[in-house]
Amino acid sequence: MKSKKTLGLICVILTLFLSGCGPQSKAEHRTDVVMGTLMQQTLYIQGENDNITREIFGLSDELEKDFLSKRVEGSEVFLINSRSGSAFRVSDRMKEMINNCMQVSEASEGAFDIFHGRLVQLWDIDSAATKEVQDYKPPVKTAIDEALKTGGYQNVQMQENALSLQEFCLLDPGAVGKGIALDEIAAYLRDKPEITGASVSVGGSVLVYGIKPDKSPWCIGITDPFNKKGQLGFLEIKEECYIATSGDYERFAMGNGKVYHHILDPATGYPADNGVKSVTIVSREGWLSDALSTACFVLGTEKGLVLAEEFGSEALFVTADGQILMTEGMKSLFRQTKP
Ligand code: AMP
Ligand code: MG
């Protein structure tokens, strides 16, 4: 009798061990609109906790409203921009974001620069793209030159938490916001041991966290920049990382038979035109993947590949003539979709 009981107990322990220690994780999905784009969550949760996807949406929404938004009155970015021309005491979180971004600005010789908010505002591709404008008129050259002169990280001073922007220099964190949201989501997930795995995407940026219940690699699709409903291939991911893509197909306006997209080259003041259709970056931090995808898009393939490696990241470029160029590390992650 006793030995039967012992045998039963051994069977239970063995079953638990083989099924990955503990009860099977259940999948939770949720889709919301955050930062003007789609946020999609898939979380694998052990036990009961139905609030987590809602809390993740809540913290992303709060991050936008309190910190990153250029439009919400009272957000930190809004307050900084409304005091452009005078000194402003920023939060530690803002100090960290600005210092991080400045490193990428310096390394990319200004190709990436979150202090060209006025230039971005002048082009205003975001609202033209939302309205699907077909008769878009680009800004005049004198206005572009003026925005270039007053904007840019050279017109910014940071000493500890004291930030001072030259008059008319505006902060636009659009190129890193999604990545910062993913960094905050990952920090939140690390405090939740019941989450065994997660993939969260905000627009073109994705966080891959933990493992899937069947322990197979995560497959993250890469959009075909020539047909945004299709996929170029996918990345096979086995460990926590952040994947960001910047492409000319994401937001653009049409006018004079031309397409004007949303990633601007501070060297010219016009949409970047270096023969790149899209760039995908894999990094260990969300903000970095997002900053590098924008920076590499502006820099083009040659300098972009060097920049990505300088920051310990992998890059995949799709060029305007349809070539795919990758860092060595990216080659081991990328799988071409079967025809
Ligand atoms: P992303 O889609 O991450 O490449 O970010 C593009 C957004 O970043 C644009 O919609 C602008 O708000 C902003 N932006 C455009 N050009 C640049 C640039 N050269 N450096 C930094 N931010 C930029
Ligand atoms: Mg970006």
Side-chain angles (χ1 to χ4, degrees), residues 34-38 64 68-71 77 81 97-98 100-130 139 144 147-148 151-154 156 169-183 201-207 223 225 228 242-253 260-274 276-283 285-300 303-304 307-308 311 313 315-318:
V34 175
M35 299 180 186
T37 188
L38 222 55
E64 184 190 9
L68 288 170
S69 176
K70 291 181 284 180
R71 289 174 199 92
V77 168
N81 284 341
M97 178 182 95
I98 292 175
N100 283 340
C101 287
M102 291 255 197
Q103 278 180 41
V104 180
S105 296
E106 272 162 17
S108 67
E109 290 172 352
F112 171 83
D113 194 335
I114 58 170
F115 289 102
H116 273 306
R118 192 164 166 225
L119 185 68
V120 173
Q121 200 176 60
L122 188 64
W123 280 87
D124 200 18
I125 299 290
D126 264 3
S127 52
T130 309
I144 292 174
L148 283 175
Y153 72 105
Q154 296 90 342
V156 176
C169 177
L170 300 179
L171 169 58
D172 179 323
V176 281
K178 298 177 289 289
I180 289 173
L182 294 179
D183 282 328
S201 67
V202 183
S205 294
V206 186
L207 158 69
T223 302
K228 67 179 186 183
Y242 300 79
I243 302 133
T245 298
S246 291
D248 68 356
Y249 58 88
E250 286 177 321
R251 266 167 289 150
F252 58 85
Y260 299 94
H261 66 77
H262 69 304
I263 304 174
L264 305 172
D265 184 347
T268 62
Y270 287 79
D273 184 17
N274 284 324
V276 178
K277 283 296 283 179
S278 74
V279 186
T280 298
I281 300 284
V282 179
S283 298
E285 289 175 273
W287 75 268
L288 182 61
S289 64
D290 206 354
L292 288 177
S293 69
T294 311
C296 290
F297 187 95
V298 177
L299 279 179
K303 288 185 177 170
L307 182 78
F311 281 89
S313 301
L316 181 150
F317 286 79
V318 183

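In this chain, numbering begins with 1 at the start of the sequence shown. For ligands, and for the atoms within them, numbers begin at 1 and follow the listed sequence.
Atom-to-atom distance recorded for Asp248:CG and Phe297:CZ is 4.5 Å, nearest 0.5 angstrom.
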(request) Start with the C-alpha distance between Thr280 and Thr245, add both sets of side-chain angles, then the distance that settles side-chain hydrogen bond (donor to acceptor under 3.5 Å, both in side chains), and finish with yes or no. (result) CA-CA 4 Å; Thr280 298; Thr245 298; 2.9 Å; yes

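Between Ile281, Asp113, Thr37, it is Asp113 that holds the heavy atom closest to atom 20 (N) of ligand 1. For atom 14 (N) of ligand 1, the nearest non-hydrogen atom from the set Thr245, Val120, Asp290 belongs to Val120. For atom 12 (O) of ligand 1, the nearest non-hydrogen atom from the set Val279, Asp172, Ile125, Thr294 belongs to Asp172.
Within ligand 1, counting atoms from 1 as listed, the ones closer than 4.0 Å to a heavy atom of Pro266 are 19 (N). Each of the following atoms of ligand 1 lies closer than 4.0 Å to a heavy atom of Glu250: 2 (O). For ligand 1, the atoms sitting less than 4.0 Å from at least one non-hydrogen atom of Phe112 are 20 (N), 21 (C), numbered in the order shown with element in parentheses. Distances below 4.0 Å separate heavy atoms of Ser246 from the following atoms of ligand 1: 1 (P), 3 (O), 4 (O).
The angle Thr294:OG1 - the Mg ion (ligand 2) - Ala175:O amounts to 100°, with values rounded to 10 degrees.
The shortest N or O to N or O distance between Ala111 and ligand 1 is under 3.5 Å.
What sits closest to atom 16 (N) of ligand 1 on the protein, heavy atoms only, is Leu264 N, 3.0 Å. In this structure, atom 2 (O) of ligand 1 lies nearest to the protein heavy atom His262 NE2, 3.3 Å. Of the protein's non-hydrogen atoms, Ala175 CB, 3.4 Å is the one closest to atom 22 (N) of ligand 1.
Proximity of His116 to ligand 1, defined as any heavy-atom pair under 4.0 Å, is not found for any part of the residue. Neither the backbone nor the side chain of Ala244 comes within contact range of ligand 1; no heavy atom lies under 4.0 Å.
Between Trp123 and Tyr260, the ring-plane angle classifies as tilted under the 30° and 60° cut-offs.
Taking a 6.0 Å sphere around CD of Gln154, one finds it holds more than 12 heavy atoms contributed by other residues, nucleotides or ligands. Taking a 6.0 Å sphere around CG of Asp124, one finds it holds more than 12 heavy atoms contributed by other residues, nucleotides or ligands.
Side-chain atoms of Asp265 do not come within 3.5 Å of backbone N or O of Val298 as any donor-acceptor pair.
Screening Leu170, Ile125, Leu264 against Val120 for a side chain to side chain contact (heavy atoms under 4.5 Å, CB included) leaves a single residue, Leu264.
Closest heavy-atom contact between Cys169 and Val156: SG-CG2, 4.0 Å.
Between the side chains of Ser283 and Ser289, no donor-acceptor pair of N or O atoms lies under 3.5 Å.
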